[in-house]
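Chain naming here is simple, since letters A, B, ... match the order of the sequence lines and numbering starts at 1 in each.
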2 protein chains.
Amino acid sequence: MQPKIKDVARLAGVSVTTVSRVLNGEKYVKDDLKQKVTLAIQELGYAPSHIARSLVRNKTNLIGVIVPDITSSFYATILSSIEEAASENDYNLLVCNISENIDKEHKYLNVFQEMRVEGIIIMHEKINEDIRNLIQKMKIPVIFSSVKPMGQEFVSVIVDDYKAAYDATAYLIGLGHEAIGFLGGDMRDITSGQNRYSGYRNALTDSGIKIIHEHIRFGDYKVKSGYEQMKELLRVKQPPTAVFAVSDDMAVGAMNCIRDNGLRVPEDISVMGFDGSQLTELTRPTLTSMEQPIHEMGKVTMKVLLGQVENGDVPTSDIILEHRLVARESCKARSTST
Amino acid sequence: MQPKIKDVARLAGVSVTTVSRVLNGEKYVKDDLKQKVTLAIQELGYAPSHIARSLVRNKTNLIGVIVPDITSSFYATILSSIEEAASENDYNLLVCNISENIDKEHKYLNVFQEMRVEGIIIMHEKINEDIRNLIQKMKIPVIFSSVKPMGQEFVSVIVDDYKAAYDATAYLIGLGHEAIGFLGGDMRDITSGQNRYSGYRNALTDSGIKIIHEHIRFGDYKVKSGYEQMKELLRVKQPPTAVFAVSDDMAVGAMNCIRDNGLRVPEDISVMGFDGSQLTELTRPTLTSMEQPIHEMGKVTMKVLLGQVENGDVPTSDIILEHRLVARESCKARSTST
DNA sequence: GTGAAAGCGCTAACAT
DNA sequence: ATGTTAGCGCTTTCAC
């Protein structure tokens, strides 16, 4: 059993109030008493109970985070910067990895409410009506990071997916490609998925390039689906000379598939990723990617959320961060041999 | 402000005791009252305060986890299985990503104590005297997962690093290799690092192969250091024909380095990894690796820790899990052309 | 079966 | 400058 403030008070020969004052750095305590108290704390190895403090202060300094898949380098990186920002501001993180499991999300939102977290960060956009209602009923500040659920009720910290996808596609067009494949993510209830798709389409049509439906495939953002969908793309009579994948994971899957089928990246097919995850530097060839400012994204998410938690600054619209195309080896100008 | 038990009681027209009884599923409550209470809870969107409950029950259901680098696929995977096991047992995780930062570790251990976490999982082995003392003073059950700090005070859930490294090296020897390079991790205060190194050395000497000091390099388990140290191995007059890296990350770095220098894996140099992270399937060629049962490791860690927390079953020795060599494409028999 | 009241460890008036 | 006391939201004896 841990020592309590009473034990410290007794040992130091003062009242619990005085101990509390020392603990909270208040001024009106004489130096000699402060000394005694500090010593007693040391001796007992006393640490004030955060539980009791939370109860009386009505403040937990807890932030709940829901991650769809902590195993993904993209989410792990955001999470790590969120954690950093939280730590700097003396907040602690209750982390929930839902593994794409909606039931778990519901359960955890309840836990968050019971734990009286002061704010919630969600990096998962496939929220259904049930979750949507639950969130609104809880009356706890919520912010979405790197994803945007359908509708306007919630605020997200994101890049301009439409423009980013447009720019990525335009880059490939600029390299002389016309048959540009698209490896999209899930489109159901996913704003980002739809915006990236629109950006891709409009970049093509704005350049007077016809959209080829066989060159468009949808998966789930993961390596495996990138591989599977690329396989389909290779099956059509006129495969694309470049492919834009909406995540780096999918792009890696696509690169592997291309390679496993005896073709080369970028000589035969250029591959463009999206996210700017650590994978971009690990692959050979290295992966050209439309990068999100992942680290900044975590920081900004936390900053905006804490602004709301501590000062009641409710953000009125999404916070849009800058995307940036980082050219590496996986994309090259289309060979003029055709 | 969230509704309290009192509000529920008032609305249902009963005492707080009755509400509490319903909340905790006790028997002696008449059905009609139970109904009323349940309805009131629904209507108010009431969720009992975990804070208040913790205070009176002297139980937080919180487990603290210290991860050296959440961005690493290996740790992220263990963390994800720990989270799963925690969730199944109704425990929540307070996650601390220390980014290899000792100060942060100290700070977080204090937070853990203040939060009255019931157990602590550490996946970081470079603990100094200071941390060591702090942990012992706290009197909170601690278990190390996937790593083993020096000394015998703490219990770890790990593989037999010595044997795993021995087996990995023996496998390469079995493929006909004799000049086998070693890309080790940090050796300071790191039991695993030392055991893996011994395993490597003994496998060689047991086969009558002389150890070549130029073929041995140490880094820090990361991709970049794998790359850098491999660069050094390529510089010696007689580079190795196979390389055993003590992490998959290092192995990937080594593969990239080999490739960037115009050589091929495995034709020119075979590469063996360690861990069994997701990277093994992502690389081309795919990576042969001495795999740890990552998922099981998280599960077992949690199980042993909870055994101690809930039943006082203090583990008396390390828990050793089985390693397993998974052969993929990055290692092949040494060409007899020499 | 149900309720009143004490108390978990702490902070914050309030009093001195 | 220091101490006394009420109360944060809940559970748990103990009465009834």
Side-chain angles (χ1 to χ4, degrees), chain A residues 1-38 40-41 44-62 90 110-118 139-140, chain B residues 1-38 40-41 44-62 110-118 140:
Chain A
M1 173 104 345
Q2 305 255 13
K4 330 168 188 314
I5 197 170
K6 218 172 175 177
D7 301 319
V8 177
R10 186 158 31 218
L11 183 58
V14 299
S15 73
V16 293
T17 313
T18 302
V19 178
S20 175
R21 289 201 175 101
V22 173
L23 247 30
N24 295 289
E26 278 178 41
K27 24 209 167 198
Y28 304 119
V29 182
K30 272 203 181 137
D31 275 358
D32 58 328
L33 280 198
K34 197 183 284 181
Q35 284 296 328
K36 278 191 204 165
V37 171
T38 313
I41 289 175
L44 293 174
Y46 170 77
S49 161
H50 186 262
I51 311 287
R53 280 181 151 176
S54 296
L55 188 60
V56 46
R57 296 211 266 231
N58 199 25
K59 178 146 186 32
T60 59
N61 281 53
L62 239 38
D90 287 318
N110 262 318
V111 170
F112 286 171
Q113 193 186 0
E114 294 189 354
M115 297 278 251
R116 302 296 191 257
V117 301
E118 301 184 35
K139 307 235 171 237
I140 300 175
Chain B
M1 174 103 344
Q2 305 255 16
K4 329 168 187 314
I5 197 170
K6 217 173 175 176
D7 302 319
V8 177
R10 185 155 32 215
L11 183 59
V14 300
S15 75
V16 293
T17 313
T18 302
V19 178
S20 175
R21 289 204 174 100
V22 174
L23 247 30
N24 295 290
E26 279 177 40
K27 24 210 165 191
Y28 303 119
V29 182
K30 273 202 181 137
D31 276 358
D32 58 327
L33 280 198
K34 197 183 281 181
Q35 283 296 328
K36 279 191 202 166
V37 170
T38 313
I41 288 175
L44 294 173
Y46 170 78
S49 161
H50 186 262
I51 309 289
R53 281 183 150 173
S54 297
L55 188 60
V56 48
R57 297 211 265 231
N58 199 24
K59 175 141 185 41
T60 59
N61 280 55
L62 242 35
N110 262 316
V111 170
F112 286 170
Q113 194 185 0
E114 294 189 355
M115 297 279 251
R116 303 295 191 256
V117 302
E118 300 183 36
I140 299 175

Strictly below 4.0 Å: does [X] bring a side-chain N or O up to OP1 or OP2 of [N]?
X: B:Ser49; N: D:dG9; result: no
X: B:Lys4; N: D:dG9; result: yes
X: A:Arg53; N: C:dT11; result: yes
X: A:Tyr46; N: C:dC10; result: yes

Gap between atoms [atom1] and [atom2], on [X] and [N] respectively (whole Å):
X: B:Ile5; N: C:dA4; atom1: CD1; atom2: P; value: 13 Å
X: A:Leu33; N: D:dG3; atom1: CG; atom2: P; value: 7 Å
X: A:Lys6; N: D:dT4; atom1: NZ; atom2: C1'; value: 13 Å
X: A:Gln113; N: D:dG9; atom1: CD; atom2: P; value: 14 Å
X: A:Gln35; N: D:dT2; atom1: CD; atom2: P; value: 13 Å
X: B:Leu55; N: D:dT12; atom1: CG; atom2: P; value: 12 Å
X: B:Lys59; N: D:dT12; atom1: NZ; atom2: P; value: 13 Å
X: B:Leu23; N: D:dT11; atom1: CG; atom2: C1'; value: 10 Å

Table of protein N/O atoms under 3.5 Å from nucleotides 12-16 of chain C N/O atoms:
from: C:dA12; atom 1: N6; to: A:Thr17; atom 2: OG1; distance (Å): 3.3

Quick check against the 3.5 Å criterion: does B:Glu118 have a side-chain atom that pairs as donor or acceptor with the backbone of B:Thr60? yes
Would you mind telling me which residue lines up with the more 5' stretch of DNA chain C, B:Thr18 or B:Ala52, judged by nearest nucleotide? B:Thr18
If we fit an axis to the first five pairs and another to the last five of the helix from C:dG1-D:dC16 to C:dT16-D:dA1, what angle do they make, to the nearest 10°? 40°
Counting the atoms with a prime plus P, OP1 and OP2 as sugar-phosphate, which does B:Ile51 contact under 4.0 Å by heavy atoms, base, sugar-phosphate, or nothing? nothing
With a 4.5 Å cut-off on side-chain heavy atoms, are [Y] and [X] touching?
X: A:Met1; Y: B:Asn58; result: yes
X: A:Ser49; Y: B:Arg116; result: yes
X: A:Leu62; Y: B:Met115; result: yes
X: A:Leu23; Y: A:Tyr46; result: yes

Nearest-0.5 Å distance, CG of residue B:Asn61 to NE2 of residue B:His50: 5.0 Å
Side chain to side chain contact (heavy atoms under 4.5 Å, CB included) test vs B:Ile41 passes for just one of B:Leu11, B:Val8, B:Ile5, namely B:Val8
Basic-acidic side-chain contact under 4.0 Å: B:Asp7, B:Arg10: yes
Hey, is NZ on A:Lys59 packed in by over 12 heavy atoms from elsewhere, all under 6.0 Å? yes
